[in-house]
Amino acid sequence: METDTGGPSSPPACDLCGKPAVYLERHHNRHLCGDHFIADIEERVRRTLRTVAGILPQDRVAVALSGGKDSTVLLHLLRRLLPRADLVAVTVDEGIDGYREATLRSADANAHRLGIEHITLTFSDLYGKTLDDLAGVQPARACGICGILRKKAINTLARRVGASKIATGHNLDDEAQSVLMNWLRGDRDRVLRRPDEGAGPGLVPRVKPLGGIPEREVALYGILKGLFVELPECPYMHTALRGEVRGILTSLERDRPGTMGRVVEGQRRLSLQLACIPRAARPLRSCERCGDPATGQLCQACRLLDSFSGPGARVSPGW
Ligand SMILES: [Zn+2]
Ligand SMILES: [Zn+2]
């Protein structure tokens, strides 16, 4: 029994059961033991699944499984919290030398362990080039290029497996970073995006069950559950604006717990208010090259691929 919790050498005790704590929830100033930490995460994700990330019993869910920490935790949590759901794991291999091998192996092992069907699509198959080829001499552009092309690849995979929803492993840190990056870039369209935008024929709706969970809590959950030991980080991670924004937000969160949650919640409220303002519907078009939804003649991915003049950088018609 842990009765002596006040001594200078004693570890802090769980505020719920008195066992040694493994985590301090700084936002609520609450210590939690391993079991209570796991239960807390599962309850919060369950709530998200019931509300904002609604997954219906009849849904076939394509789980975007990169093989990294977040998506590995997502796959396990979805299997655990929705034991009867129709899940299929989909992985996009962007072609990132020295990083992808380990995460692809991990993705396959995790899907196999859970008995979940797993399929992979490579950038080479879909676009005729790897991300390393495309980023080439401009590694600072890698994350931007990858974001657009991976989104399209996951949507392509999801349609191919007949999924009605895509679940991604974005966590609270990712969400807060995206909000701040949109403001820093002055990206009016994204700042003012309404909740229903981004939906349309051909686009499989996306849900983010981990969107309310901080990155370090996702990682700790995975470690406590023994889901991964150590996984490599994407080598392009620190080359982009996102890397800098990540540093700023992490530092703000440390000094002012709850900052990231407030950034995301503020944007969500703005988005909901915008939905109440009447506006003429934007006409939906199809990309002239690949048929995906587009705002102009070409979709964002095809416009991007056009900016690389090299041969082969086209969406393969086979997909
Ligand atoms: Zn406890
Ligand atoms: Zn297109």
Side-chain angles (χ1 to χ4, degrees), residues 1-7 10-46 80 90 92 94 121-131 133-134 141 144-160 166 189 197-206 213-214 216-217 220-226 282-319:
M1 292 297 287
E2 288 76 26
T3 47
D4 175 20
T5 55
S10 312
C14 173
D15 284 323
L16 299 177
C17 73
K19 285 188 194 159
V22 297
Y23 189 69
L24 167 62
E25 228 176 30
R26 295 187 69 221
H27 188 195
H28 297 110
N29 199 23
R30 185 169 75 150
H31 286 95
L32 294 174
C33 68
D35 288 346
H36 279 117
F37 174 81
I38 286 170
D40 182 59
I41 294 286
E42 291 180 353
E43 183 47 40
R44 282 153 64 196
V45 175
R46 193 176 281 123
R80 180 167 165 75
V90 297
V92 174
E94 305 89 352
L121 171 61
T122 68
F123 269 18
S124 300
D125 285 342
L126 187 56
Y127 304 122
K129 280 182 185 283
T130 66
L131 180 63
D133 292 338
L134 292 168
R141 285 189 66 198
I145 296 168
C146 185
I148 294 167
L149 297 185
R150 194 177 40 189
K151 198 168 185 176
K152 183 183 181 68
I154 288 173
N155 193 64
T156 304
L157 267 172
R159 277 197 317 225
R160 194 168 181 238
I166 294 170
D189 286 351
E197 274 177 73
L203 282 181
V204 182
R206 300 161 77 89
I213 312 289
R216 62 197 193 118
E217 295 185 11
L220 179 58
Y221 180 92
I223 291 165
L224 290 173
K225 296 288 269 183
R282 253 197 311 193
L284 277 171
R285 306 175 66 160
S286 293
C287 172
E288 288 178 0
R289 186 162 305 144
C290 74
D292 273 5
T295 49
Q297 283 179 316
L298 295 179
C299 72
Q300 206 184 9
C302 287
R303 280 202 310 271
L304 175 72
L305 291 169
D306 262 7
S307 70
F308 295 95
S309 48
R314 289 283 170 93
V315 177
S316 157
W319 286 87

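When a ligand or atom number is given, it counts from 1 through the structure's own listing order. Just so we're clear, the structure is a prediction, and the values are computed from it rather than from any experiment.
- To the nearest 10 degrees, the Zn ion (ligand 1) sees SG of Cys33 and SG of Cys14 at an angle of 110°.
- Side chain of Asp15 to main chain of Ala21: no donor-acceptor pair is present (N/O by atom type, distance under 3.5 Å, no hydrogens or angles).
- Angle SG(Cys299) to the Zn ion (ligand 2) to SG(Cys302): 100° [nearest 10 degrees].
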(request) Go through the steps to decide whether Val90 and Arg160 satisfy the test side-chain contact (heavy atoms from CB on, under 4.5 Å), and finish with yes or no. (result) CA-CA 10 Å; Val90 297; Arg160 194 168 181 238; over 6 Å; no
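- Considering just the N/O/S atoms of His36, the one nearest the Zn ion (ligand 1) carries the name ND1.
- When the shell of 6.0 Å around CZ of Arg26 is examined, it contains more than 12 heavy atoms from other residues, nucleotides or ligands.
- Contact check on Asp292 versus Arg159 returns a salt bridge, with a Lys/Arg side-chain nitrogen under 4.0 Å from an Asp/Glu carboxylate oxygen.
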